[in-house]
Amino acid sequence: DPEVLAGDLPGSVVDYAVAPDGARIALVTWPSPDLVDLLRAEVHLLDAEADTTERVDEDAGNKGDLLWSRDGTRLAWTRGEAFPSLSDVQLLELRGRRRRLRTIEMYMVDPGLLHLEGDTLLFSAPERTTAGLYRLDLATEEIERSTPAGSIHRGFSVSADGGVRAWLAADATHLSEVEVRHADGEVRRITDVSAQLQGFALPTKEIVSWTAPDGLAIEGVLTLPPDFDARRRWPLLVRTHGGPTGTDFPWLAGAPRSFY
């Protein structure tokens, strides 16, 4: 029969991650399963053999995306102060009995943690009107994009050692294609789904920007018909939505279905 672990832990478990050695399980709990409690999340460590738990975080927030390092000495998760919001990364050092919690401030919205080893944390995230795979240097706290510019990248898979990475790539003239980045840095496209578009007259997409009354720079995607002629007057259909999690991209893979 299934065995209940951490049965005395208050609240509801909403996320978990098993350590590489299988002896520890990281848990995210809310006081209740109601969405209203997501900003009161806590992170706990469960000793699977002793069935004991300890809380390892210190503050409130929206927490999740638990990720262990390959050697099991560190645990990372994301933390936001709202939903949706810019998320920080919290990193817990677990060497012997020593515990050290560190917060790294980020400018990304809802990053998805993918791989943690050495001083490198790989994560996915949207950034304005693009999205990709990013590398966070834990020593310098600098962030750099790891996927090529010019396409929107999502659906990532990373090998155990972090050397081989795969993703879906799409842009204004291509549907989602599978690409693989090998350890030598070469990126190869291994599908050709977009071949079915041959013979079709495709629209063009470009990024436009304007300044909001409060000074914030806002971007939008302008889609023009194949026969667009700037000398003519054309009707403008506008699709508005919230953000920053609700983002339009200049791609064919996610054409909007509603206009206002």
Side-chain angles (χ1 to χ4, degrees), residues 82-87 106-112 114 122-135 143-158 164-182 184-260:
F83 178 78
S85 74
L86 298 177
S87 294
M106 305 272 282
Y107 62 88
M108 301 292 192
V109 177
D110 296 334
L114 295 169
L122 298 178
F123 66 93
S124 62
E127 186 177 13
R128 300 185 72 84
T129 48
T130 187
L133 178 68
Y134 297 84
R135 177 184 180 273
I143 297 173
E144 65 177 9
R145 181 169 175 138
S146 295
T147 43
S151 295
I152 295 93
H153 300 92
R154 59 197 174 93
F156 296 95
S157 179
V158 180
V164 181
R165 305 157 193 177
W167 55 71
L168 295 175
D171 56 32
T173 57
H174 293 86
L175 300 173
S176 295
E177 305 286 2
V178 178
E179 294 182 342
V180 177
R181 178 192 181 276
H182 295 271
D184 60 5
E186 181 183 2
V187 176
R188 301 174 187 171
R189 179 166 289 185
I190 62 174
T191 63
D192 190 15
V193 178
S194 303
Q196 63 186 297
L197 298 176
Q198 293 183 6
F200 285 89
L202 300 177
T204 59
K205 295 174 180 285
E206 59 186 65
I207 302 298
V208 294
S209 63
W210 61 93
T211 302
D214 62 358
L216 179 67
I218 301 177
E219 291 182 337
V221 180
L222 178 62
T223 302
L224 301 176
D227 58 346
F228 177 75
D229 184 346
R231 296 170 298 181
R232 291 176 49 196
R233 291 177 62 88
W234 295 79
L236 177 66
L237 303 179
V238 180
R239 179 176 183 258
T240 60
H241 54 78
T245 54
T247 302
D248 279 326
F249 299 120
W251 61 351
L252 289 177
R257 295 182 175 86
S258 58
F259 295 93
Y260 304 93

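- Contact detail for R128 and F249: the closest heavy-atom pair is O-CE2, 4.1 Å.
- For residues 186-231, the set of pairs meeting the ring pair (Phe, Tyr, Trp, His ring centres under 6.0 Å) definition, not counting sequence neighbours, comprises F228-W234.
- R154 contributes atom CZ, which lies 14.5 Å from atom CG of L133 (distance to the nearest 0.5 angstrom).
- For the atom pair CG (L222) and OG (S209), the distance works out to 11.5 Å, reported to the nearest 0.5 Å.
- Smallest separation of non-hydrogen atoms from I207 and E219: CG2-CD, 4.0 Å.
- Here H153 pairs with R145, T147, P148, S151, F156, W167, A169, E179 under the side-chain contact (heavy atoms from CB on, under 4.5 Å) rule; sequence neighbours left out.
- The closest side-chain heavy-atom distance from V221 to R239 is not below 4.5 Å.
- T173 and L202 make their closest contact through O-CD1, 4.3 Å (heavy atoms, listed as atom of the first residue, atom of the second, distance).
- Taking both residues in full, the closest heavy atoms of A172 and K205 are given as CB-CB, 4.2 Å, listed atom of the first, atom of the second, then distance.
- In this structure, the separation between CG on D171 and CD1 on I152 is 6.5 Å, given to the nearest 0.5 Å.
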side-chain contact (heavy atoms from CB on, under 4.5 Å) assessment of L252 paired with L197: CA-CA 11 Å; L252 289 177; L197 298 176; 3.8 Å; yes

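- Rounded to the nearest 0.5 Å, atoms CG (L114) and CZ (F123) are 9.5 Å apart.
- Annotation for A201 and P226: closest pair O-CG, 3.5 Å, computed over non-hydrogen atoms.
- When all heavy atoms are compared, the tightest approach of S176 to L168 is CB-CB, 4.4 Å.
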Residues E206, L224; criterion side-chain contact (heavy atoms from CB on, under 4.5 Å); working and verdict: CA-CA 8 Å; E206 59 186 65; L224 301 176; 4.0 Å; yes

